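Heads up: the structure comes next, in structure tokens.
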Amino acid sequence: MPDRSPACDLRSDTVTRPTPAMRRAMSRAAVGDDVFGEDPTVRQLEELAAGTVGKEAALFVPSGTMGNLLAVMIHAEDGEVLLGDSSHIRLSECGGHARLAGSPAWPLATDRFGRLSPADVAGAVHGANVHQARTKLLCLENTHNFCGGTVISAEETAAIVAPARKAGLKTHLDGARIFNAATALGVPAAALAAPFDSVMFCLSKGLCAPVGSMLCGSQAFVAEARARRKMLGGGMRQAGVLAACGLIAIEEMTRRLAEDHASARLLAEALAGLPGVALDTATVQTNMVIFGYRGARGRDAAWLQRELARRGVLALVLPAGGEPRIRLVTHRDVSRADCRRAVGIFRGLLARQESP
Ligand SMILES: *Cc1c(COP(=O)(O)O)cnc(C)c1O
């Protein structure tokens, strides 16, 4: 394919290009005006997505950020949202929950695996009073991006969500990479989404679609989300050309994620022993490897990123949450051999730099 990435691009699984099958499906897709509800391919994608995560209905949205924002807008209007302190919604969506939905965050401590404590959830819920806005929504993230793609099991999820339900809150799952979690746990995605009123997942990351995410929930919730998507400028017309890729993403690309997880494990095991690298291999559960780096002579994560890039390996420096860390994400467009080559580059760079 002419449009494979030239470098070993481990910055994110969002860099994946649409597959040849997706390109073919785009050219053949039946389309219509989806704002009029007349795009048959979008309709088909929405039906497949809803069924796949066990919800009544689904909405095709341009991005995961818009899907999460719609969920907060609908579930938490004029109220507060319980958010993990290192959640993507809190750290990486421009504060939209507060700025656009009018729902401030009540941050909860996140453990190193992305989990919230059920006791913290119970203790954070409050009614409206002279000091506080009413707590209306709990959001969870699975896999957890800034914890390193960590997985929360169905049992752990149920325990975290239970106190929120008991207190009458709505619940939303930021399941951008829910199929990575399902693959790692060996359970259907629907089992991980079951406790929630709504779930968002991305087609555009490890599933290789060029654009789009799905927001899933009850019929009534999705009808409301459809109206508000239009308000946000997310009403799309002949979006069937994109939805055609989404169908392949769900039907086919969800089946190959274990390969990415194995590649991440290979990287993690090789990097964990290198000088200056601080890597908790227990957090490497899916397609990500996040680690700190402090080398000799003041060399830091930014230095490492630069030197890797000069050798054709692209990594991301995460500013979110304190000390800068390096993130590597495996995906369909980096092979196992690419990862082995990357390990060699890491070894050459770090072993040599640390010797006197
Ligand atoms: C990528 C991501 C999103 C947002 O998706 P976009 O399509 O990039 O807007 C939300 N949550 C998590 C955990 C993500 O990794």
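Heads up: numbering here begins at 1 and tracks the sequence. First listed ligand is number 1; within each ligand, the first listed atom is number 1. What you see is a predicted model; the values in this text were computed from it and never measured.
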Pair [X]-[Y], side-chain donor/acceptor within less than 3.5 Å:
{"X": "T143", "Y": "N180", "value": "no"}
{"X": "H88", "Y": "E93", "value": "yes"}
{"X": "H172", "Y": "D197", "value": "no"}
{"X": "T110", "Y": "H144", "value": "no"}

[X], any N or O under 3.5 Å of ligand 1 N or O:
{"X": "T65", "result": "yes"}
{"X": "T143", "result": "no"}
{"X": "G64", "result": "yes"}

Top protein contact for atom 13 (C) of ligand 1, by heavy-atom distance
E141 OE2, 3.3 Å
At what distance is the nearest protein heavy atom to atom 11 (N) of ligand 1, and which residue and atom is it?
D174 OD2, 2.6 Å
Indicate yes or no: at least one non-hydrogen side-chain atom of M66 is less than 4.5 angstrom from one of R229.
yes
May I ask you to decide whether [X] forms a salt bridge with [Y], counting only side-chain N to carboxylate O separations under 4.0 Å?
{"X": "K55", "Y": "E47", "result": "no"}
{"X": "R177", "Y": "D13", "result": "yes"}
{"X": "R90", "Y": "D174", "result": "no"}

For [X], which part has a heavy atom under 4.0 Å from ligand 1: side chain, backbone, both, or neither?
{"X": "N68", "answer": "side chain"}
{"X": "S63", "answer": "both"}
{"X": "M66", "answer": "neither"}
{"X": "K205", "answer": "side chain"}
{"X": "C202", "answer": "side chain"}
{"X": "N145", "answer": "side chain"}

Mind checking whether R177 has a heavy atom under 4.0 Å from ligand 1?
yes
May I ask you to decide if E156's main-chain N or O and S153's side chain share a donor-acceptor pair within less than 3.5 Å?
yes
Sub-4.0 Å atoms of ligand 1 with respect to non-hydrogen atoms of A176:
2 (C), 11 (N), 12 (C), 13 (C), 14 (C), 15 (O)
